[in-house]
There are 4 protein chains.
Amino acid sequence: MENTGVADCRNTAGRPRCPGKDAAILTSALTLLTQQGFTRMTLDAVARAAGVSKATIHLRFKTKTELAAAALKTLRPCSRPPETGDALADLVAQLADFAATLTRTHGMSLIGTCLAEEAHTPELLAHFREHAVQPRRTAVRRLLERARAQGALAPDADPDALTSALLGVFYADHLAGRATDEDWAERAAAAVLGVRSHP
Amino acid sequence: MENTGVADCRNTAGRPRCPGKDAAILTSALTLLTQQGFTRMTLDAVARAAGVSKATIHLRFKTKTELAAAALKTLRPCSRPPETGDALADLVAQLADFAATLTRTHGMSLIGTCLAEEAHTPELLAHFREHAVQPRRTAVRRLLERARAQGALAPDADPDALTSALLGVFYADHLAGRATDEDWAERAAAAVLGVRSHP
Amino acid sequence: MENTGVADCRNTAGRPRCPGKDAAILTSALTLLTQQGFTRMTLDAVARAAGVSKATIHLRFKTKTELAAAALKTLRPCSRPPETGDALADLVAQLADFAATLTRTHGMSLIGTCLAEEAHTPELLAHFREHAVQPRRTAVRRLLERARAQGALAPDADPDALTSALLGVFYADHLAGRATDEDWAERAAAAVLGVRSHP
Amino acid sequence: MENTGVADCRNTAGRPRCPGKDAAILTSALTLLTQQGFTRMTLDAVARAAGVSKATIHLRFKTKTELAAAALKTLRPCSRPPETGDALADLVAQLADFAATLTRTHGMSLIGTCLAEEAHTPELLAHFREHAVQPRRTAVRRLLERARAQGALAPDADPDALTSALLGVFYADHLAGRATDEDWAERAAAAVLGVRSHP
DNA sequence: AATGAATGAGATTTCATTCAT
DNA sequence: GATGAATGAAATCTCATTCAT
């Protein structure tokens, strides 16, 4: 039987860690980091939300910064919507998932925190990039490449640049106060990929 | 014209306010707001940078929030690069100015602050929208409309959506850690407006 | 009219410092430093004893260490008992004053603090040396030199070494749990200066 | 012989204590007590230095104070330098050993801790007195008595007072920042016992 | 108006001690 | 017995705001 991860690495000595406390702390931290930002997130609040004492947090994370960074590492890569074979349709589904996730999790707020703290705490943006931004970009880019292979995009289209354009529509719309609901994904795809997708 | 802000609500009676101080305070506040974020920006630091006492700041702005909001109102609408008549070329110039401004002023950091504080202090994002985002969008949209009139864009192109796409490339690139220097504007325009701009 | 010190250095601007607060803080700090030692002395306790808020202390002293050092600087050089012309008698009086001062002010406790903190906070011992040890030594040495000039001590007696011996008796006696009251000074002088003082 | 301490109060039933740990804990505690003082010495640091867990310490010593007291009890009485028959020469050797020991073990720092904690934890000074001060005084006094018997000291010399004077020179010199190296012992003896020792 | 003083309400971090294997 | 986990109670320092000239 193979070692399947964290749950197995139990030392025999000492009082065992109260199970679930790790998760409770990280979840609470991520929630508060999102809702309040890094500086407003207090360890008191995290402890209260997680149902542990502050010292228990410090047992796991030497500093508040470490805690925040660890919380960001728990961001799961984007769910992969089922693929239909029609790359453009799949792309729109992926964009819709992107928008729904950002909306549901108040992602723009978390992005704001990472950007605002970049000067003081660059780890935040770094982890967010690695665990949230890059996986999403990879998924989008793969679909763009597939679409190009299917002839739905010009052969010289730059998948990375188009990825920025597609995802960027959301950021720009949010910043401008424009609606990002329902058929946002379709509108974004239409605008960026143009009439070529609806011949 | 209506009274639009705290700085105007002065009594005409009594000793007049030292005139240069308003500007010094707002400039210092905007700088620190950008560099440190809202929560890290301390009134002590603003006072020091402006060469005034903390109490002098409170004389003009009842709270720290009011100060930050007022500082954001001083954001000047984007400079308008000279226009050549070639709408697409002017558009690229406008985008280049956009990127240069954001880079020079650490605008992404300020954007982060406004997004991160949205829950607690929605005024920040509101003012940023009004004074920075909308003017820029208007300039870009006007050029897109002109390009469409010149036949350089499809007649059914949606200027607002394309504006989001063009500006959004910058946000997405920054967030992904992609380069946004030199010929960023040209690459963004090429990606979003496609081969249509280089027939 | 001449400037006579601290009390005159009032800036015209700003709220004037609450008089007596400086002294209250330093007095409380010195007392607590003596009674509790440096690490046990809390700023809360100092604030309470001085009747000010903690922040008021921090306004004057950036750190706890600075406060403790400043408190030690307020140690007044030893009182100079009146001199009779009989150098040996004056010396005994000086030693009696030394013992009385140490006893009354719990000086051994304060000495302990300075010694115990030497590794972490050498300023404490440095200030204690300058403001308490050296003045006392100077007074004792001067009397020893006078006694030597009067022929009451051998011409080759080393005043500095004898100063250490005389004052050291107190330290050693305290450390050994021996009595240091009433006629301690006479006994110490007799032991160190020997029969030579009572021919 | 009577039971003299905590470390002995073990149950004979149950798993026997790991034997080397007592010594490791006490040694580490004494070192840290000396280097950091009582309040700065943390049980975490003692546990780390001793290679045991904090709980293991509490198993032997109910409180931090008990641990510190027990550590002081392990102080060994002074080494007895070989005696030559010349009591004054032996005395100088004894003083040299005293100075060397205090210097090597940072004894003044430990003395400071005991003095500083006297109000809160009088056990510390009590144990230090019993295990370090008194043995040394006894050794010195014995040599002084021998010297007196040999005619090298005045018949009415008070050995206890002279002991305080001799050892006190070290305390006073250290407190004054005077050198206590190399020939300190000879200088101290010369100052206190006078030219009589070098006829 | 302008300023320096003063403060109450935290925020992060530390630590001796107790608990559960 | 030994250990790592858990915690309550501080302690230092910070900061937006108010006060007294």
Side-chain angles (χ1 to χ4, degrees), chain A residues 10-19 21-22 39-47 52-65 67, chain B residues 10-11 13-19 21 39-47 52-65 67, chain C residues 10-19 21-22 39-47 52-65 67, chain D residues 10-11 13-19 21 39-47 52-65 67:
Chain A
R10 253 215 68 202
N11 291 334
T12 52
R15 173 174 174 175
R17 287 210 169 173
C18 213
K21 244 158 213 189
D22 283 282
T39 325
R40 272 194 227 270
M41 170 184 88
T42 72
L43 293 180
D44 247 312
V46 175
V52 303
S53 72
K54 272 182 290 181
T56 296
I57 298 178
H58 277 280
L59 204 61
R60 291 160 167 77
F61 309 99
K62 264 197 294 291
T63 64
K64 182 183 173 183
T65 299
L67 169 62
Chain B
R10 42 169 299 200
N11 292 330
R15 174 171 162 187
R17 283 191 178 156
C18 197
K21 285 183 179 167
T39 328
R40 274 194 221 270
M41 171 184 86
T42 71
L43 292 184
D44 256 309
V46 175
V52 304
S53 74
K54 270 190 292 183
T56 296
I57 297 177
H58 276 281
L59 218 52
R60 290 161 168 77
F61 309 98
K62 263 199 295 288
T63 66
K64 182 183 171 181
T65 300
L67 169 63
Chain C
R10 253 213 69 201
N11 292 332
T12 51
R15 176 174 172 176
R17 287 209 168 172
C18 214
K21 244 158 214 188
D22 283 282
T39 325
R40 271 195 227 271
M41 170 184 89
T42 73
L43 293 180
D44 247 313
V46 175
V52 304
S53 73
K54 272 184 288 183
T56 296
I57 297 178
H58 277 281
L59 205 61
R60 290 161 167 77
F61 308 99
K62 264 198 293 288
T63 65
K64 183 184 172 181
T65 299
L67 169 62
Chain D
R10 38 171 301 200
N11 292 331
R15 172 174 165 188
R17 284 193 178 156
C18 197
K21 286 185 177 166
T39 326
R40 276 194 221 270
M41 171 183 87
T42 72
L43 292 184
D44 257 308
V46 175
V52 304
S53 73
K54 268 188 296 182
T56 297
I57 297 178
H58 276 280
L59 217 52
R60 289 160 168 78
F61 308 98
K62 264 199 295 288
T63 66
K64 182 183 172 184
T65 299
L67 169 62

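Below, each value reflects all heavy atoms present in this structure, side chains not excepted, and no hydrogens, waters or symmetry copies. In what follows, every chain begins at residue 1, and chains take the letters A, B, ... in the order their sequences are listed. Bear in mind the structure is a predicted one, so any value in this text is a computation, not a measurement.
Checking F:dT17, E:dT3, E:dA16 against every side-chain atom of D:Thr42, the shortest atom distance belongs to E:dA16. If you check E:dA6, F:dA6, F:dT17 against the side chain of B:His58, the one that comes closest is F:dT17. Proximity note for A:Lys54 (side chain, C-beta onward) versus F:dT7, F:dA10, F:dT3: the nearest is F:dA10.
In this structure, F:dA20 and E:dT3 make a Watson-Crick or G-U wobble pair, each of the two defining distances being under 3.5 angstrom.
Summarising the geometry of C:Arg17 relative to C:Leu59, their closest heavy-atom pair is NH2-O, 4.5 Å, with the distance given to 0.1 Å. What you find for A:Ile57 and A:Leu43 is that their closest heavy atoms are CD1-O, 4.0 Å. Summarising the geometry of A:Ala47 relative to A:Ser53, their closest heavy-atom pair is CB-C, 4.0 Å, with the distance given to 0.1 Å.
Toward the 5′ end of DNA chain F lies the nearest nucleotide of A:Lys21, the other residue of the pair C:Met41 and A:Lys21 mapping further downstream. Position along DNA chain E of the nearest nucleotide to B:Val52 versus A:Lys62 favours B:Val52 as the more 5'-ward residue. Nearer to the 5' terminus of DNA chain F, by closest-nucleotide assignment, is the contact made by A:Ala55 (compared with the other of B:Thr39 and A:Ala55).
The distance from atom CD1 of B:Ile57 to atom C1' of F:dC15 is 13 Å, rounded to the nearest whole Å. Rounded to whole Å, atom P of E:dA16 lies 4 Å from atom NZ of D:Lys64. Counting to the nearest Å, the P atom of E:dG10 and the CZ atom of A:Arg40 are 14 Å from each other. Remark: P of E:dA2 and CG of B:Leu59 are 7 Å apart, rounded to the nearest angstrom. Between D:Asp44 atom CG and F:dA6 atom C1' there is a gap of 13 Å when expressed in whole angstrom units. Atom CG of C:Leu43 and atom P of E:dG8 are 15 Å apart (whole Å).
The phosphate of F:dA6 (OP1 or OP2) has no side-chain N or O of A:Thr56 nearer than 4.0 angstrom. Applying the 4.0 Å criterion to OP1 and OP2 of F:dA6, one finds that A:Arg60 has a side-chain N or O inside that range. Contact annotation: A:Arg15 does not reach the phosphate of E:dC19 (side-chain N/O to OP1 or OP2, under 4.0 Å).
The line from OG1 of C:Thr42 to NZ of C:Lys54 is 8.0 Å long, rounded to the nearest 0.5 Å. In this structure, the separation between NZ on B:Lys62 and CG on B:Leu67 is 13.0 Å, given to the nearest 0.5 Å.
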